[in-house]
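Only one structure is covered here, and it is reproduced in the block below.
All chains are named by letter (A, B, ...) in the order of the sequence lines, taking the proteins before the strands, and each is independently numbered beginning at 1.
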Amino acid sequence: MAPPKPHKILMVAEKPSIALSIASALSGGHMSTRRGGSSTEVHEFNGTFRGSNAQYKVTSVIGHVFSVDFPAKYQDWTVTDPLDLFQAPILKAESNPKAHIRRHLSQEARDCGHLVLWLDCDREGENICFEVVECTGFHGNEARRRVYRARFSSVTEKDILKAMDNLVEPNEDEARAVDARQEIDLKVGVAFTRFQTSYFQGKYGNLDSRVISYGPCQTPTLGFCVQRYLQINTFKPEKFWALHPYITHNGYELQLEWERNKLFDLDVAVMFQNLVMEDGIVEVTDISEKQESKSRPSGLNTVNLLKVASSALGFGPQMAMQLAERLYTQGFISYPRTESTAYPSSFDFKSTLGMQTNNPTWGDYVQKLLDDGFHRPRSGTDAGDHPPITPMRAANEDMLGNDAWKLYQYVCQHFIGTVSPDCKYVRNKVEFSIGGEIFRCIGQHVIVKGFTSIMPWLAVNEKNLPQFKKGEKIEVSKVELYEGETSPPDYLSESELISLMEKNGIGTDASIPVHINNICERNFVQVQAGRKLVPTALGISLIRGYQCIDPDLCLPDIRSFIEQQITLVAKGQVDHSRVVEHVLQQFKQKFIYFVKQIENMDALFEAQFSPLADSGRALSKCGKCLRYMKYISTQPSRMYCGTCEEVYYLPQKGTIKLYKELTCPLDNFELLIFSLAGPEGKSFPLCPYCYNSPPFEGIDTLFGATKTSSTGKLGKGAGMPCFLCPHPTCPHSLIAQGVCACPECSGTLVLDPVSAPKWRLYCNMCNCLVYLPQGAHKISTTRDRCPECESTILEVDFNKKTTPLLDGSTLYTGCILCDELLHSLVEMKHGKSFFKRMGSRGRGRGSGRGGFRGRGRGGKWDDPKMSFRDF
DNA sequence: GCAAGGTC
């Protein structure tokens with residue numbers, strides 16, 4: 001009899017690093033690893049499961065497998081009323097279709113009898129559990145194929161083994177709470193964002209933002225910055241006065257601090273000054289000495305790393321995370337995304353310290369710690385995720401580069417700090433009395449530097465006091481009446497903002513950097529020197545507007561309200577759909593009210609921004625009314641016809657000029673020339689009307705369309721320039737300006753009409769560039785085709801002085817592929833095949849493949865046999 | 001073009 005087949009068990013973690021840890025712990029390191037069908041690895045080993053032999057496969061997802069969005073019919077901003085979004089259905093689609101996680105899980109699960117979910121032990125992890133279950137095709141309650149949930153409190157061997165022995169079921173309520181949050185965030189965020197973007201962008205010309213977004217996290221984040229701004233702006237400085245008596249004792253001159261600190265009434269201050277001056281003698285009334293201690297830090301978590309990176313190292317959160325991520329993947333530090341500040345009991349401090357003994361800066365200190373005995377870190381909080389961020393390998397600046405080195409140094413210093421002694425110092429306080437008023441002096445003397453020797457910026461300042469005796473009387477040398485003025489706080493620092501967000505539950509350690517980045521990118525705030533966040537006119541108008549209409553919208557409570565509601569779902573107290581419905585109902589009411597009251601916010605915008613009609617400068621004529629339209633250069637750049645009240649979007653991120661007052665034969669609009677920046681940026685003509693409403697069917701690749709537009713939605717600024725236009729006779733169309741097929745893609749090489757004197761062709765699909773004879777006076781396309789390869793024949797007017805023509809003449813026509821002279825003057829940029837094929841094989845005829853790809857379907861032309869391929 | 005959450 002053959003032995004019974006061992007069970008196959010699939011285990012899935014939230015990220016590759018945890019899959020590896022789990023597999024290593026459970027296999028004792030005896031495993032084999034293969035690349036799965038997609039992007040995540042699979043670790044395999046044999047073991048036992050519930051007393052029987054088992055084959056284990058451990059793999060992972062990469063965060064959420066799915067994310068929610070609206071169906072296609074709700075994607076068009078111009079067609080969907082944002083109010084309808086509250087009732088719209090939502091879809092789950094794979095977050096990262098290219099990673100093929102769904103396929104991967106489904107394939108790996110096929111031959112497995114059991115599924116064990118090792119997702120992170122938080123709500124999001126619980127939600128991903130059910131995403132994984134869906135992908136694997138396991139069904140909850142089948143007796144033969146069971147789904148288990150491993151609950152681990154840290155990613156250590158001990159906890160992993162313990163979790164394996166105590167498998168439970170995934171918690172559907174917690175997962176459904178996340179579903180609820182996703183739906184609420186999506187509907188509320190998108191509805192408000194679309195409404196206010198459309199409202200304000202259609203009205204003002206100098207609004208410098210493509211999207212005026214709203215979100216229950218980003219908006220309160222902005223709120224914090226604006227709140228501080230308003231505090232500064234409404235601040236009224238007040239004068240105050242303080243008494244500063246001076247004494248000289250044992251050779252020290254000493255300024256005494258007044259117990260009343262400061263007074264805001266000059267007369268009263270002067271009265272006290274007289275009192276003190278009249279007395280003129282200080283009496284020592286009390287001397288005390290107390291030992292104080294400053295605790296060493298607890299372990300470093302992500303949020304604290306981000307705060308230090310911003311305030312001390314000058315790195316923004318996004319940058320800091322990038323650097324940390326790189327240090328992690330290169331093995332210099334441990335996993336940088338963690339909430340925990342407590343170390344697992346099994347943490348090996350000794351060997352982590354041991355790696356640092358050769359460091360030129362702190363090596364000796366670390367060696368001494370090892371020799372004298374280091375301390376255990378202060379107990380922090382254990383969030384059950386990863387251990388605090390610690391160094392894993394010794395490094396030097398050359399290995400890491402300047403920025404990463406700074407961050408690495410901090411991680412090391414912090415870690416060494418956590419196992420150093422506390423800082424101990426003595427605090428001396430001497431109290432004095434002069435004319436019945438109480439004054440004091442405070443001295444500090446450090447006994448044990450402890451962790452402050454490795455983190456010197458936290459050191460306690462030494463301040464020596466001369467010896468005093470109780471009852472001693474000393475003459476006052478002078479009494480200064482100090483006049484000061486209260487000053488406003490500074491702009492909110494990024495580090496303060498991170499603290500506020502953390503305290504108010506806005507975002508998570510991973511999303512805090514994203515929210516801050518968002519409000520910067522949307523032009524609501526700017527990061528200024530010292531990483532201070534200064535709100536822009538747009539950011540201020542928005543927040544003040546919410547404050548006028550419905551302050552809830554920008555208060556941090558809006559997030560806690562949602563969290564508190566979905567917690568009811570997580571605890572199984574209220575049904576998921578009832579909570580979603582209830583919360584959305586409330587937000588819908590808020591939305592309706594907001595729309596009704598938008599004029600109140602608009603009043604603030606009117607004071608800051610100029611209406612479209614007053615914006616921009618006259619540039620080109622409208623084909624409908626024949627009046628000048630204005631060019632509005634702020635993003636999204638566009639043309640505005642004040643007479644027709646029409647907006648025509650333009651290609652973004654380049655410069656726009658009038659094109660020789662030429663007009664489009666289809667609609668009479670004056671043509672424009674768009675140029676991308678840089679010496680290799682292409683320039684092309686476009687008609688503002690055709691660009692926005694392509695006149696021919698079947699132009700499926702528009703310029704500026706995002707590559708991921710699988711849903712068919714297009715961004716502002718995508719459109720049809722003349723180089724895509726199949727107009728048969730217009731001198732600017734693809735038909736007139738196209739020369740031959742692109743050697744790199746299915747596009748067509750088109751003459752850049754304003755590239756003199758560095759004449760060139762560019763591809764209308766990819767970034768392929770071909771340089772034509774340089775320095776020519778003029779190069780233009782003709783209506784003739786090459787009889788050999790059907791490329792468009794070019795006419796070149798060489799410069800008199802530099803003409804390559806032997807008889808000194810300047811005019812020449814020919815095919816750039818088949819004409820020996822022209823071809824020898826052509827040079828390829830971006831891409832190799834053009835040059836190589838031409839060079840190695842000489843000129844030949846087209847093979848019959850290729851041609852004017854990229855022109856519209858149903859063209860009237862014979863398929864021109866023009867290709868560089870297959871020579 | 002839009003949210004926030006995960007991870008790379």
Touch class at under 4.0 angstrom, heavy-atom based, for A:F195 against every strand present: nothing
Results of side chain to side chain donor-acceptor pair (under 3.5 Å) for A:T156 - residues two or more places apart only: A:S154
Atom-to-atom span, CZ of A:F86 to C1' of B:dA3 - whole angstrom: 12 Å
Of the listed nucleotides B:dA3, B:dG5, B:dG1, the one nearest the side chain of A:R522: B:dA3
Salt bridge (charged side-chain N to carboxylate O under 4.0 Å, His left out) partners of A:E124, counting only residues at least two apart: A:R181
Among B:dA4, B:dC2, B:dG1, the one nearest A:Q201 by side-chain distance: B:dG1
Sugar-phosphate, base or nothing in reach of A:F70, heavy atoms under 4.0 Å: nothing
Which residues share a salt bridge (charged side-chain N to carboxylate O under 4.0 Å, His left out) with A:E14, sequence neighbours left out: none
Sugar-phosphate, base or nothing in reach of A:G507, heavy atoms under 4.0 Å: sugar-phosphate
Touch class at under 4.0 angstrom, heavy-atom based, for A:D120 against every strand present: sugar-phosphate
Residue-phosphate contact under 4.0 Å: A:R337 side-chain N/O, B:dC8 OP1/OP2: yes
Nearest-angstrom distance from the residue atom NZ of A:K15 to C1' of B:dG6: 8 Å
Whole-Å gap separating P (B:dA3) and CZ (A:F66): 22 Å
Candidates B:dG1, B:dG5, B:dA3 - which lies nearest the side chain of A:S213: B:dA3
Sugar-phosphate only, base, or nothing, as touched by A:E131 at under 4.0 Å among non-hydrogen atoms: nothing
Salt bridge (charged side-chain N to carboxylate O under 4.0 Å, His left out) involving A:R638 - partner list, sequence neighbours excluded: none
By side chain to side chain donor-acceptor pair (under 3.5 Å) - contacts of A:Y214 (at least two apart): none
Test ring pair (Phe, Tyr, Trp, His ring centres under 6.0 Å) applied to A:H515 - qualifying residues, sequence neighbours left out: none
Criterion side-chain hydrogen bond (donor to acceptor under 3.5 Å, both in side chains) against A:S213, the qualifying member of A:Q196, A:Q218, A:E521, A:R194: A:Q218
Rounded distance in Å - NE2 (A:H64) to C1' (B:dA3): 13 Å
Side-chain N,O (A:T508) to OP1/OP2 (B:dG6) below 4.0 Å: yes
Separation of B:dG6 P from A:D122 CG (nearest whole Å): 7 Å
Centroid distance under 5.5 Å and plane angle under 30°, A:Y214 vs B:dA3: no
Interatomic distance where CD1 belongs to A:I90 and C1' belongs to B:dA3 [whole Å]: 12 Å
Touch class at under 4.0 angstrom, heavy-atom based, for A:V514 against every strand present: nothing
Parallel, tilted or perpendicular: rings of A:W118 and A:F152 (30°, 60°): tilted
Touch class at under 4.0 angstrom, heavy-atom based, for A:T197 against every strand present: base
Distance below 4.0 Å between A:Y335 side-chain N/O and B:dC8 OP1 or OP2: yes
DNA chain B: 5'-proximal contact among A:I506 and A:L85 (nearest heavy atom): A:L85
Plane angle bin for A:F86 and A:F192 - parallel if under 30°, tilted between 30 and 60°, otherwise perpendicular: perpendicular
Integer-rounded Å distance: B:dG5 P and A:D179 CG: 15 Å
Sugar-phosphate, base or nothing in reach of A:Q182, heavy atoms under 4.0 Å: base
Any A:H515 side-chain N or O less than 4.0 Å from OP1/OP2 of B:dG5: yes
For atom CD of A:Q218 and atom C1' of B:dG1, their distance in whole Å: 13 Å
Sugar-phosphate, base or nothing in reach of A:P16, heavy atoms under 4.0 Å: sugar-phosphate
B:dC2 base / A:Q75 side chain donor-acceptor hit below 3.5 Å: yes
Stretch residues 551-571 of chain A: residues that reach within less than 4.0 Å of DNA chain B through a heavy atom: A:R559
DNA chain B-proximal residues of residues 581-593 of chain A, any heavy atom under 4.0 Å: none
Verdict with supporting geometry, A:F591 and A:D550, side chain to side chain contact (heavy atoms under 4.5 Å, CB included): CA-CA 10 Å; A:F591 180 79; A:D550 181 355; over 6 Å; no
Set of salt bridge (charged side-chain N to carboxylate O under 4.0 Å, His left out) partners for A:D179, sequence neighbours left out: A:K92, A:R176
